[in-house]
Amino acid sequence: MNTNELITLNFEEVRRRSEKVWRAIPEELLQWRPDENAISCSEMIRHVLEGEFLYHQIIIGRGSRALTNISNPFEDRVFTTVDDELEFAQKYRNAFIKYIKTIHVNDLENIEIDRSDVGYKRKLGDMLLRIAYHESVHTGQLLSYMRIMEIERPKIWD
């Protein structure tokens, strides 16, 4: 397995586990939040899917400045169901995974992603791992939400 295949596998496994969690939340609880300052389950799912699209733009543009002139397809979209959200996001997911598969191994270390506006600059390889970690963290948050709601949590460690 080469580097691109390992990175792709990581993204696919993170998403597979996220989807198990997202689909295990009953529709009537998707708007639930642990307190008034927290985001809801549906907002967190949207945040992850939209975030992947935005991170892809940042990587392509080599930094946060890439976001200044893009059209965000998630911006005015109303969340309806998890499956509808996943279906909508799939073409952006496919483009992101396709991009990962084209990255030259040297680019992982030689391309810098400038996110000075939020306090960091990172190598492309580091940035890719951070993107997957971002989704993983939110999956963990949703598992905690589910515990608080006292609903069954899916087994993600299969």
Side-chain angles (χ1 to χ4, degrees), residues 1-60 72-74 77-109 111 113 115 118-158:
M1 195 174 283
N2 67 37
T3 304
N4 295 55
E5 291 168 337
L6 283 170
I7 293 170
T8 301
L9 176 63
N10 186 49
F11 273 101
E12 289 172 348
E13 282 299 296
V14 167
R15 179 56 53 85
R16 183 179 67 81
R17 288 174 169 91
S18 294
E19 286 186 23
K20 285 178 94 168
V21 171
W22 299 346
R23 287 190 169 107
I25 301 169
E27 276 193 47
E28 64 273 11
L29 293 175
L30 284 169
Q31 299 310 313
W32 186 90
R33 64 186 75 229
D35 62 63
E36 63 187 33
N37 296 317
I39 65 173
S40 69
C41 298
S42 63
E43 289 168 333
M44 197 172 310
I45 294 165
R46 165 64 61 81
H47 170 73
V48 167
L49 296 172
E50 179 180 26
E52 184 174 80
F53 167 78
L54 295 172
Y55 278 133
H56 185 197
Q57 302 312 304
I58 289 168
I59 288 170
I60 292 168
N72 182 344
F74 292 88
R77 185 174 160 74
V78 175
F79 187 102
T80 56
T81 67
V82 170
D83 285 335
D84 182 58
E85 197 73 6
L86 286 167
E87 184 178 327
F88 176 77
Q90 190 61 50
K91 69 179 174 182
Y92 305 109
R93 172 70 171 190
N94 292 345
F96 181 55
I97 297 297
K98 183 178 178 182
Y99 171 80
I100 292 169
K101 291 177 178 179
T102 68
I103 296 170
H104 189 278
V105 69
N106 293 335
D107 291 345
L108 296 170
E109 184 63 29
I111 290 177
I113 308 301
R115 301 228 47 219
V118 292
Y120 64 87
K121 293 181 183 180
R122 295 290 185 263
K123 304 288 186 191
L124 176 58
D126 181 337
M127 192 69 192
L128 288 169
L129 294 177
R130 286 170 181 268
I131 295 167
Y133 181 71
H134 172 257
E135 182 169 333
S136 298
V137 166
H138 286 306
T139 298
Q141 282 183 286
L142 284 173
L143 286 167
S144 292
Y145 278 24
M146 294 170 82
R147 180 182 294 275
I148 296 166
M149 289 187 279
E150 298 181 347
I151 61 175
E152 188 173 339
R153 295 174 311 280
K155 295 184 186 339
I156 60 169
W157 301 110
D158 51 6

request  = Evaluate the side chain to side chain contact (heavy atoms under 4.5 Å, CB included) criterion for residues Glu85 and Trp22: first the C-alpha distance (whole Å), next the side-chain angles of each, then the deciding distance (0.1 Å), finally the verdict.
outcome  = CA-CA 11 Å; Glu85 197 73 6; Trp22 299 346; over 6 Å; no
note = CE (Met44) and NE2 (His138) are apart, to the nearest 0.5 Å, by 6.5 Å
key: Note, Leu86 side chain near Leu49 side chain (heavy atom, < 4.5 Å)   = yes
ask   = Can you find a heavy atom in the side chain of Ile111 that is under 4.5 Å from one in the side chain of Ile59?
value = no
query = Got a sec: does the OH of Tyr99 have more than 12 other heavy atoms crowding it under 6.0 Å?
reply = yes
task = Using a strict 4.0 Å threshold on nitrogen-to-oxygen distance, state whether Glu12 and Arg16 make a salt bridge.
result = no
query = What distance separates Ser136 OG from Arg130 CZ, expressed to the nearest 0.5 Å?
reply = 13.5 Å
task = Quick one: closest heavy-atom pair of Pro154 and Val21, and the distance?
result = CG-CA, 3.7 Å
task = Quick one: closest heavy-atom pair of Arg115 and Met127, and the distance?
result = CD-CE, 3.8 Å
request  = With side chain to side chain contact (heavy atoms under 4.5 Å, CB included) as the test, would you mind laying out the steps for Thr81 and Glu87 before giving the verdict?
outcome  = CA-CA 10 Å; Thr81 67; Glu87 184 178 327; over 6 Å; no
inquiry  = Show the nearest heavy-atom pair for residues Met146 and Glu152, with the distance to one decimal.
reply    = CE-O, 3.3 Å
remark   = Sequence neighbours excluded, the answer for salt bridge (Lys or Arg N to Asp or Glu O under 4.0 Å) partners of Glu135 is Arg15
request  = Could you give me the CA-CA distance, side-chain angles and deciding distance for Val48 and Thr139, then say whether side chain to side chain contact (heavy atoms under 4.5 Å, CB included) is met?
outcome  = CA-CA 9 Å; Val48 167; Thr139 298; over 6 Å; no
note = Taking every heavy atom of Leu143 against every heavy atom of Arg153, the minimum-distance pair comes out as O-CD, 3.3 Å
message = Nearest 0.5 angstrom please: Ser144 OG to Met149 CE, how far?
response = 10.0 Å
task = Give, for atom CZ of Arg46 and atom CZ of Phe88, the distance between the pair rounded to the nearest 0.5 Å.
result = 7.5 Å
request  = Answer with yes or no after comparing the ring centroid distance for Tyr92 and His56 against a 6.0 Å cut-off, counting only values under it.
outcome  = no
query = How many angstroms lie between atom CG of Asp126 and atom NZ of Lys121, to the nearest 0.5 angstrom?
reply = 14.5 Å
From CD1 (Ile113) to CD1 (Ile60), nearest 0.5 Å = 10.0 Å
Side-chain polar contacts of residues 23-34 - donor-acceptor pairs under 3.5 angstrom, sequence neighbours left out - could you list them?
residue: Arg23; atom: NE; partner: Asp83; partner atom: OD1; Å: 2.8
residue: Arg23; atom: NH1; partner: Glu19; partner atom: OE1; Å: 2.8
residue: Arg23; atom: NH2; partner: Asp83; partner atom: OD1; Å: 3.0
residue: Gln31; atom: OE1; partner: Ser42; partner atom: OG; Å: 3.3
residue: Gln31; atom: NE2; partner: Ser42; partner atom: OG; Å: 2.9
residue: Arg33; atom: NH1; partner: Ala38; partner atom: O; Å: 2.6
residue: Arg33; atom: NH1; partner: Glu43; partner atom: OE1; Å: 3.4
residue: Arg33; atom: NH2; partner: Glu43; partner atom: OE1; Å: 3.3

Validation: residues 2-10 side-chain donor-acceptor distances under 3.5 Å, sequence neighbours left out:
residue: Asn2; atom: OD1; partner: Asn4; partner atom: N; Å: 3.0
residue: Asn2; atom: OD1; partner: Glu5; partner atom: N; Å: 2.8
residue: Asn4; atom: ND2; partner: Ile100; partner atom: O; Å: 2.7
residue: Asn4; atom: ND2; partner: Lys101; partner atom: O; Å: 3.4
residue: Asn4; atom: ND2; partner: Ile103; partner atom: O; Å: 2.7
residue: Glu5; atom: OE1; partner: Asn2; partner atom: N; Å: 2.8
residue: Thr8; atom: OG1; partner: Asn4; partner atom: O; Å: 2.8

inquiry  = Ring-plane angle category for Phe96 and Phe11, please: parallel below 30°, perpendicular beyond 60°, tilted otherwise.
reply    = perpendicular
note = For Ser40 and Tyr145 the tightest heavy-atom approach is C-CE2, 4.3 Å
